[in-house]
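Remember, it's a predicted structure, so these values are computed and weren't measured experimentally. In what follows, chains are A, B, ... by sequence order, proteins preceding strands, each numbered from 1.
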Amino acid sequence: MTATEAPPQTTPLKAKQRLGDIVFSRTSLASGAAILVILALVAVFLIAQSLPALVVDPEKFIGSPPSLWDYVWPLVFGTLWSSALALAMALPLAVGIALFISHYAPRRLSQFLGYIIDLLAAVPSVVYGLWGIGVLAPAVLPAYAWLTENLGWIPLFSGPVSGTGRTILTASIVLGVMILPVMTAICREIFLQTPVLHEEAALALGATRWEMITMSVLPFGRPGIISGAMLGLGRALGETMAVAMVLSPTAIVSFALLQSTNPSTIAANIALSFPESYGVNVNLLIFTGLVLFVITLIVNSIARYIVNRRKDFSGAN
Amino acid sequence: MSKRIEVNDLNVYYGKFKAVEDVSMLIEPRSVTAFIGPSGCGKSTFIRTLNRMHEVIPGAYVEGQVLIDGDDLYGPGVDPVLVRRQVGMVFQRPNPFPTMSIRDNVLAGVKLNNRRISKSDADELVERSLRGANLWNEVKDRLERPGASISGGQQQRLCIARAIAVEPEVILMDEPCSALDPISTLAIEDLIEELKQDYTIVIVTHNMQQASRVSDRTAFFNIAGTGHPGKLIEYDDTRIIFSNPSVKATEDYVSGKFG
């Protein structure tokens, strides 16, 4: 312990600052911060504008519901229910299409199909809404009638059947078609990136094509499938025009798919009610927007959790 | 359970391009046969035709015969899936399934084609296969860890365990040590020595010392130049190939004059 002399005075080594590095790091920092700022601004707006709806007497709301939640809950239910239906229909289809494009179709056909899928993504939602009213709803009517007649004992398909075909199932089908392209595109990209090594490992063990896909392609693509599903779900939760056009809403909570009374969704309800709203009803609609914001946040967090849970097994190490 | 491989006048094509021309050879059961030759000479292509793995590449096809104990691999109605169960393969880079545990990796091939296996049989098979690949003592306490969590050399031995778990007749190894360090390489070479008691082994290698250490017979492949098909130049006992080959090109290659 004789280290009495002071440690040699050294100027700390400074890395040379290069202009390109500085510009790039500042730009990316600013971009990252911008996301947070925008999100915070939206959240502040939603919360500030919702507050009046929380303190006021619910009697003052349109339709005089017993409480605020009696107004919000059917909308939340309708939003979740229609999006879940859309996802349940579209996800298997998206994975199937993506697998066909990436592993089954000949190269020329798969390129063509890829373009078609991207084209579908570019169709505006109002067009899907029109298609839902004009083509889909009349077309599915006979099928709906058959379902209520023959499978009506299942609560989902209980009658009486809607006379227009404009039910929550129709809206969900439209939503499913809308979210299909983005999910397919993401799944296709990730399936194409499956390491050839893993595919060959499966084949060399005597796997059939399908077994090769379940052993190597799907496990590798799992995080991508989940991300794609969440992007699709996010779009379905927030979709406004298509649902607003197809559904004639009622404030009910019902799982029945084929009846003429259907719950609306938060976004569609805002779009339909906002033009005629005044006073505290505007705050009420904004409050439902806040609820949608929170739901989307929760859904995305769950997806993150699922993707991260088996990180060790992801093959990224 | 090992079998004899007989190749008669085999040509391999990728579309219009002839990659390998006119190969005939006889590979004895319970032996190690090494394929050597410069890059691009068709030895990897040729080894893949022994379990029809070349068919993964669109447009690839063969002319000629590959007989395993007299059964033609390319006969009408022969299912490539069943061929690959009989003729296992280990690749250049270790490729355990990253989403599966070590245990599931070993059982991956066994559970294919809707085969079922009881828990106790599976446990026994996992231990036997991992012991067979000299890996049991290193991983027995972490069988549920991911297949990618062990070192590269261990992963390659895991791939060998996975291959022998389905009890093939033949094991093909396409440069199994080229991505490994010398210690891991030695472990694999010792393993090949043991495996040859039970299996017919064919190994592609760029490492001439490795060929002379592990193999009984050696085949030397060469090409006349880019765009020409690869050909089998000489096939003989390893001792002869490395001491007194009958073709000048073989001698030049094994003595390091080219390649």
Side-chain angles (χ1 to χ4, degrees), chain A residues 95 99-114 187 190-228 305-317, chain B residues 47-48 50-59 79-102 104-115 144-150 155 158-159 162-168 171-174 179:
Chain A
V95 172
L99 277 179
F100 178 72
I101 291 177
S102 64
H103 284 84
Y104 284 93
R107 182 178 303 234
R108 302 264 294 275
L109 179 62
S110 71
Q111 267 181 0
F112 174 71
L113 276 175
C187 291
I190 199 100
F191 291 163
L192 284 172
Q193 284 169 19
T194 312
V196 176
L197 272 176
H198 297 157
E199 296 182 4
E200 289 190 338
L203 290 174
L205 286 171
T208 61
R209 176 87 67 117
W210 169 240
E211 285 169 333
M212 180 270 280
I213 285 170
T214 53
M215 281 171 96
S216 60
V217 179
L218 290 181
F220 177 83
R222 192 167 156 275
I225 297 173
I226 294 173
S227 309
Y305 171 74
I306 296 173
V307 171
N308 284 336
R309 202 177 36 168
R310 277 168 63 91
K311 214 176 202 158
D312 278 1
F313 286 85
S314 72
N317 39 11
Chain B
I47 199 175
R48 283 169 163 255
L50 301 182
N51 70 344
R52 298 183 65 166
M53 276 301 287
H54 68 291
E55 291 171 9
V56 172
I57 296 159
D79 184 357
V81 167
L82 296 178
V83 167
R84 293 173 195 146
R85 290 189 75 87
Q86 261 187 59
V87 185
M89 189 157 194
V90 176
F91 295 85
Q92 198 165 351
R93 282 178 51 205
N95 55 358
F97 297 113
T99 52
M100 293 184 193
S101 65
I102 292 171
D104 288 343
N105 260 288
V106 177
L107 295 173
V110 183
K111 287 184 178 166
L112 286 172
N113 311 124
N114 290 324
R115 270 158 246 242
E144 299 307 323
R145 294 286 301 145
S149 67
I150 49 183
Q155 288 184 26
L158 176 59
C159 292
R162 181 175 68 186
I164 59 182
V166 293
E167 295 175 349
I171 300 178
L172 310 176
M173 300 186 176
D174 188 359

- prompt: Is the number of heavy atoms from other residues, nucleotides or ligands within 6.0 Å of CZ (A:Arg108) greater than 12?
  reply: no

message: Within a 6.0 Å radius of atom CZ on A:Phe112, are there more than 12 heavy atoms belonging to other residues, nucleotides or ligands?
response: no

- prompt: Measuring from A:Thr208:OG1 to B:Leu112:CG, what's the distance to the nearest 0.5 Å?
  reply: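 A:Thr208 OG1 to B:Leu112 CG: 7.5 Å, rounded to 0.5 Å.
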
- request: Please report the closest heavy-atom contact between B:Arg162 and A:Ala201, naming both atoms and the distance.
  value: NH2-CB, 3.5 Å

- prompt: What are the two closest non-hydrogen atoms of B:Ala108 and A:Met215, and how far apart are they?
  reply: CB-CE, 3.4 Å

query: Thinking salt bridges, do A:Glu200 and B:Arg84 make one under a 4.0 Å N-O criterion?
result: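 Salt bridge absent between A:Glu200 and B:Arg84.
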
field: Which atoms of B:Pro80 approach chain A - backbone, side chain, both or neither, heavy atom under 4.5 Å
entry: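 Contact with chain A involves no heavy atom of B:Pro80 at all.
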
field: Contact class of B:Val56 relative to chain A, heavy atoms under 4.5 angstrom
entry: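 Just the side chain, heavy atoms under 4.5 Å.
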
query: Is there side-chain contact between B:Phe97 and A:Leu205, with heavy atoms separated by less than 4.5 Å?
result: yes

query: Based on non-hydrogen pairs under 4.5 Å, which of B:Met89, B:Arg52, B:Met53 is most in contact with chain A?
result: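 Counting heavy-atom pairs under 4.5 Å, the top option is B:Met53.
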
- prompt: Under 3.5 Å, side chain of B:Asn95 to main-chain N/O of A:Leu197, donor-acceptor pair present?
  reply: yes

